[in-house]
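Just so you know, residue 1 is the first one in the sequence shown, and it goes up from there. As a basis for the values below, the full set of heavy atoms in this structure was taken, side chains included, without hydrogen atoms, waters or symmetry mates.
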Amino acid sequence: MNRRTRTALLGSALLLTVAAAAGSAGASAPDESGREAAALTGEAKLYRSAGDDITFSFDAHLAAKDKADPMKATGTFEFSHYLNGKGAWAKAKVDCLVTGGKVAVVSGVITSSDLPGAKGKRVGITVHDVGHRDRLGYSWLSTGTPTATKDLPKCVSAAPFEKVAKGTGDFSVTPWQPDL
């Protein structure tokens, strides 16, 4: 067997080994793509010219097995807003996550907060993941506070009108791909 033939056979054997390994790895994946159905993660501060310190962080996930029901999403998100030493923070348990492309809407019920009347209220947040220039919106846009929102349905929020401050972080959205 000459050198050229030996090299071709070795290359073919290597390709077959890689293909077989990839095939067996895909067989044990939770779904065809091997990823969760949807996700929203990350942390960033919002830009405000007055110097407000506003932070949002997300750890929200929809498992592949729950792909057909975004209200089975799990996780938490937190937000805070301070100016001149005054403000509040809140933490919410996720109750819905819907993503489309690089946009996510997550809602949840506030489980802890130092804002009077906030605990037990549902809030919704929208994120547009456009790299380091992400945008964000929230359900209490028209009321000014999460405590003034009454009977907010799951997965409802406002358009992502706020800008993320430069260099503060980045959100990551995993697009939801339901069977329609």
Heavy-atom pair with the smallest gap, counting every atom of Pro116 and Thr147
O-CG2, 3.4 Å

Could you give the distance from CG (Leu83) to CD1 (Ile54), rounded to the nearest 0.5 Å?
8.5 Å

Say you draw a straight line from NZ of Lys67 to CD of Glu36; how long is it, rounded to the nearest 0.5 Å?
13.0 Å

Quick one: pull up CD1 in Ile125 and SG in Cys155 and give me the separation to the nearest 0.5 Å.
11.5 Å

What pair of heavy atoms forms the shortest contact from Ala44 to Val164, and how long is it?
CB-CG1, 3.5 Å

Does any part of the side chain of Pro146, heavy atoms only, come nearer than 4.5 Å to the side chain of Ile110, both counted from C-beta?
yes

Given His61 and Thr41, is the side chain to side chain contact (heavy atoms under 4.5 Å, CB included) satisfied, shown in steps?
CA-CA 8 Å; His61 304 271; Thr41 58; 3.7 Å; yes

One should read off an interatomic distance between Lys150 NZ and Thr143 OG1, to the nearest 0.5 angstrom, of 12.0 Å

Taking salt bridge (charged side-chain N to carboxylate O under 4.0 Å, His left out) as the cut-off, I'd like each qualifying pair that reaches into residues 44-60, sequence neighbours left out, listed once.
Lys45-Asp53, Arg48-Asp52, Arg48-Glu162

Report whether Tyr47 and Val127 are members of the same hydrophobic cluster (ILVMFWY, side-chain heavy atoms less than 4.5 Å apart, transitive linking).
no

Please give me the minimum heavy-atom distance between Leu62 and Ala73, naming the atom from each residue.
CD1-N, 3.7 Å

Side chain to side chain, Lys119 and Ser113, heavy atoms closer than 4.5 Å
no

With under 30° as parallel and over 60° as perpendicular, where do the rings of Phe58 and Phe171 fit, or are they tilted in between?
perpendicular

Least distance between heavy atoms, Arg135 atom then Pro160 atom
NE-O, 3.2 Å

What pairs with Thr126 under side chain to side chain donor-acceptor pair (under 3.5 Å), at least two apart in sequence or on another chain?
Ser157

When Val94 is tested against each of Thr74, Val106, Val109 for side-chain contact (heavy atoms from CB on, under 4.5 Å), which residue passes?
Val106

If you look at every heavy atom in Trp176 and Ala38, which pair is closest and at what distance?
CB-CB, 3.9 Å

Straight-line distance of Leu97 CG to Lys154 NZ, nearest 0.5 Å:
13.0 Å

To the nearest 0.5 Å, atom OG1 of Thr99 lies from atom CG of Leu40 at 8.5 Å

Side-chain contact, heavy-atom cut-off 4.5 Å: Asp170 with Asp134?
yes

With salt bridge (charged side-chain N to carboxylate O under 4.0 Å, His left out) as the rule and sequence neighbours excluded, what pairs involving residues 81-104 come up?
Asp95-Arg122, Lys102-Asp129

With the 4.5 Å side-chain cut-off for hydrophobic clustering, are Leu141 and Leu46 part of the same group?
yes

Take Phe161 and Tyr138 through the test ring pair (Phe, Tyr, Trp, His ring centres under 6.0 Å) and record every step on the way to the result.
CA-CA 9 Å; Phe161 64 96; Tyr138 35 84; 5.4 Å; yes

Which heavy atom in Pro175 sits nearest to a heavy atom in Arg35, and how many Å separate them?
O-NH2, 2.8 Å

Taking the side chain as every heavy atom from C-beta outward, state whether Lys121 and Thr149 have any pair of such atoms under 4.5 Å apart.
no

Same apolar cluster: Val123 and Leu136, side chain cutoff 4.5 Å:
yes

